[in-house]
2 protein chains.
Amino acid sequence: MKSTIREERKKEIISGFYDLSRLEGMENVSIAKIGKHLGMPPSLIMHYFPNKRLLVLGLIAHILHQYQLIYKPIINKFEKDHKVYPDLLVNRLFSREWNLLFDDGVFFSCYAMTFRDETIKKEYKKLHLKLRNTLKSILDNDPVFSRGDTALLAEKIFVVIEGAYYYLSLIEDEKEYNRKLKIFKEQVFQLLQTESQLILQDND
Amino acid sequence: MKSTIREERKKEIISGFYDLSRLEGMENVSIAKIGKHLGMPPSLIMHYFPNKRLLVLGLIAHILHQYQLIYKPIINKFEKDHKVYPDLLVNRLFSREWNLLFDDGVFFSCYAMTFRDETIKKEYKKLHLKLRNTLKSILDNDPVFSRGDTALLAEKIFVVIEGAYYYLSLIEDEKEYNRKLKIFKEQVFQLLQTESQLILQDND
DNA sequence: TCGTTTATTGAATATTCATTCAATATTAAA
DNA sequence: TTTAATATTGAATGAATATTCAATAAACGA
């Protein structure tokens, strides 16, 4: 219970930064704007984040944390069952809950920073590694998939998920969106299906 | 031969904008900086691009044009042959020539703008549609693939390519990069293989 | 060659930016 | 209660921002 004020204020500031980024785009958010939005002087923000880069790093940590939360329910579900039902897994992986607690625009703005900031790049990489490992451990819990190369399978699945996440962001028409979504779900389903067939026929 | 000066200057400005974006990141490039870089007053830039948004739109058109060029050799190759060799196609699709004539950081910076600018979003969507159609027409030229759903197959292939393009940008270690690249190539190869097998066995 | 359009310049604008600083208020420790 | 640390304020900084404008130079069509 050291400096609870400090931590709460920092959270509040990051949260305000996120709100505004969502509304106006990250590159258009200034310290002054955050201050006005939260009803505090810019100097107070600078007190907790001595320069803007630190503020941005804080936002990114927040974003990446949120992003991870999307997969929480999947983990809970499948780590109890010790059995992977492909269609269920696919539906969870592509569930669009992420749209509610997460802003794609901010995510990609931060991602773009990856190319000129090593620290940010490392953070993003860490996230992606963690997500793959999570899926791997889910697959490892299944009696069938665990006999195959689960790391490889997780890699193949996530490249489709991320490609889909990227591409679908461009599509606004709901019907078209759902049509494409179905394709990519099927594609991942196919990966799981093929893998389990290969494993089972190896057994004979 | 109307106003050749005008068009040349505009190109020059966009090109300077691109150079600086590559170096310092798009959001850090100002009109003044472009001017200094090209040895011209900011007011001249404003003469050709009356506001910054138009300048950004110009850059994006340039970027998307460049992006398309990556696939030019693939098109040429396969539109002559009237036959798709899966391993050859895969190698071309994943060839990293793009790294030479194209900057990923700028591409994703522009992509991030997609979320708050309808015009930009439409441009990006148009590009992605065009790329898929190109691949579709390549597949349509092949006696085997043309009997299947080429649009669907193109969609599935590109979601892997784009997921890979996104994900591999995070990886700097060459060995790791190549290991992952191999996985994604194999994944696309698999898609082509499976499709042709399905078509051929339907024949019997 | 004259007149008009276009290209180019350089100076000036108000606004916004991140950041600094000294002063005050609040909290926590002694 | 005194002291020290932290939180908060508001004013001020200079640098950078996009954009405007009036003036000059160059190119071009008649």
Side-chain angles (χ1 to χ4, degrees), chain A residues 1-62 106 109-110 112-113 116-117 119-120, chain B residues 1-21 23-60 62 106 109-110 112-113 116-117 119-120:
Chain A
M1 202 176 296
K2 267 208 212 132
S3 177
T4 166
I5 291 176
R6 187 175 175 82
E7 294 313 312
E8 286 207 359
R9 267 275 185 270
K10 287 181 87 170
K11 267 188 203 165
E12 187 189 359
I13 292 167
I14 294 289
S15 173
F17 189 8
Y18 174 71
D19 291 344
L20 288 181
S21 298
R22 207 169 172 148
L23 287 171
E24 326 187 1
M26 206 183 160
E27 68 278 15
N28 300 318
V29 178
S30 68
I31 291 172
K33 281 182 187 170
I34 300 172
K36 183 179 277 182
H37 177 65
L38 296 174
M40 63 175 70
S43 48
L44 187 56
I45 295 173
M46 300 290 306
H47 179 242
Y48 291 109
F49 299 93
N51 61 61
K52 206 189 177 184
R53 183 163 175 276
L54 292 176
L55 189 59
V56 170
L57 289 180
L59 178 63
I60 284 171
H62 172 72
V106 183
S109 283
C110 294
M113 292 189 163
R116 264 158 305 100
D117 192 310
T119 310
I120 299 176
Chain B
M1 201 177 294
K2 268 206 211 131
S3 176
T4 166
I5 291 176
R6 185 175 177 83
E7 293 313 312
E8 287 206 358
R9 267 276 186 270
K10 287 182 86 170
K11 269 188 202 163
E12 187 190 357
I13 292 167
I14 294 290
S15 173
F17 189 7
Y18 174 70
D19 292 343
L20 288 181
S21 298
L23 287 172
E24 327 186 1
M26 209 184 157
E27 68 277 15
N28 301 318
V29 178
S30 68
I31 291 170
K33 282 181 187 170
I34 300 172
K36 183 180 277 183
H37 177 66
L38 296 174
M40 63 174 71
S43 48
L44 188 56
I45 295 172
M46 300 293 304
H47 175 67
Y48 292 109
F49 299 93
N51 61 62
K52 205 190 178 183
R53 184 164 174 275
L54 292 176
L55 189 58
V56 170
L57 289 180
L59 178 62
I60 285 171
H62 172 72
V106 183
S109 283
C110 294
M113 292 190 163
R116 263 158 305 98
D117 192 310
T119 310
I120 299 177

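Convention: sequence-line order gives letters A, B, ...; per-chain numbering from 1. Worth knowing before you read on, the calculation uses all heavy atoms, side chains too, and leaves out hydrogens, waters and symmetry mates.
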Looking only at side-chain atoms of [X], point me to the closest of [options].
X	options	answer
A/S43	D/dA11, D/dT19, C/dA7	D/dA11
A/K33	C/dC17, D/dT17, C/dT8	C/dC17
A/I31	C/dT8, C/dT19, D/dC21	C/dT19

Handout entry: Expected output: side-chain B/S15 to main-chain B/K11 donor-acceptor under 3.5 Å
Key =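 A pair under 3.5 Å: no.
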Exercise for the section: May I ask you to decide if A/R22's main-chain N or O and A/D19's side chain share a donor-acceptor pair within less than 3.5 Å? Expected result: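 Not a single qualifying donor-acceptor pair exists.
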Exercise for the section: Give a yes or no on whether a salt bridge exists between B/E7 and B/K10, defined as a side-chain N under 4.0 angstrom from a carboxylate O. Expected result: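 No salt bridge links B/E7 with B/K10.
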Handout entry: Nearest-nucleotide comparison on DNA chain C, the residue closer to the 5′ end among A/N51 and B/G39
Key =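 It is B/G39 whose nearest nucleotide is closer to the 5' end.
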Over how many whole Å does the gap from [X] atom [atom1] to [N] atom [atom2] extend?
X	N	atom1	atom2	value
A/F49	D/dA7	CZ	C1'	15 Å
B/M46	D/dT19	CE	P	4 Å
A/I34	C/dA18	CD1	P	8 Å
A/H47	C/dA25	NE2	P	17 Å
A/K52	C/dT16	NZ	C1'	11 Å
B/M40	C/dT8	CE	C1'	10 Å
A/I45	C/dA18	CD1	P	10 Å
B/E27	C/dT16	CD	P	20 Å

Problem - Short side-chain N/O contact from B/Y48 to OP1 or OP2 of C/dT6, under 4.0 Å - result: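 False: B/Y48 side-chain N/O out of range (4.0 Å or more) of C/dT6 OP1/OP2.
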Exercise for the section: For C/dT8, take OP1 and OP2 only and decide whether either is under 4.0 Å from a side-chain N or O of B/R9. Expected result: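 Yes.
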Practice task
Report which part of the nucleic acid A/S30 touches: base, sugar-phosphate, or nothing (heavy-atom distance under 4.0 Å, all strands).
Solution key: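 It contacts sugar-phosphate atoms only.
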Exercise for the section: Locate the shortest heavy-atom distance separating A/V29 from A/K52; write the atom from each residue and the value. Expected result: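 Heavy atoms of A/V29 and A/K52 come nearest at O-NZ, 3.0 Å.
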Problem - Identified side-chain contact (heavy atoms from CB on, under 4.5 Å) partner of A/R116 from the options B/E27, B/M26, B/E24 - result: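 Checked B/E27, B/M26, B/E24 against A/R116; only one passes side-chain contact (heavy atoms from CB on, under 4.5 Å): B/E27.
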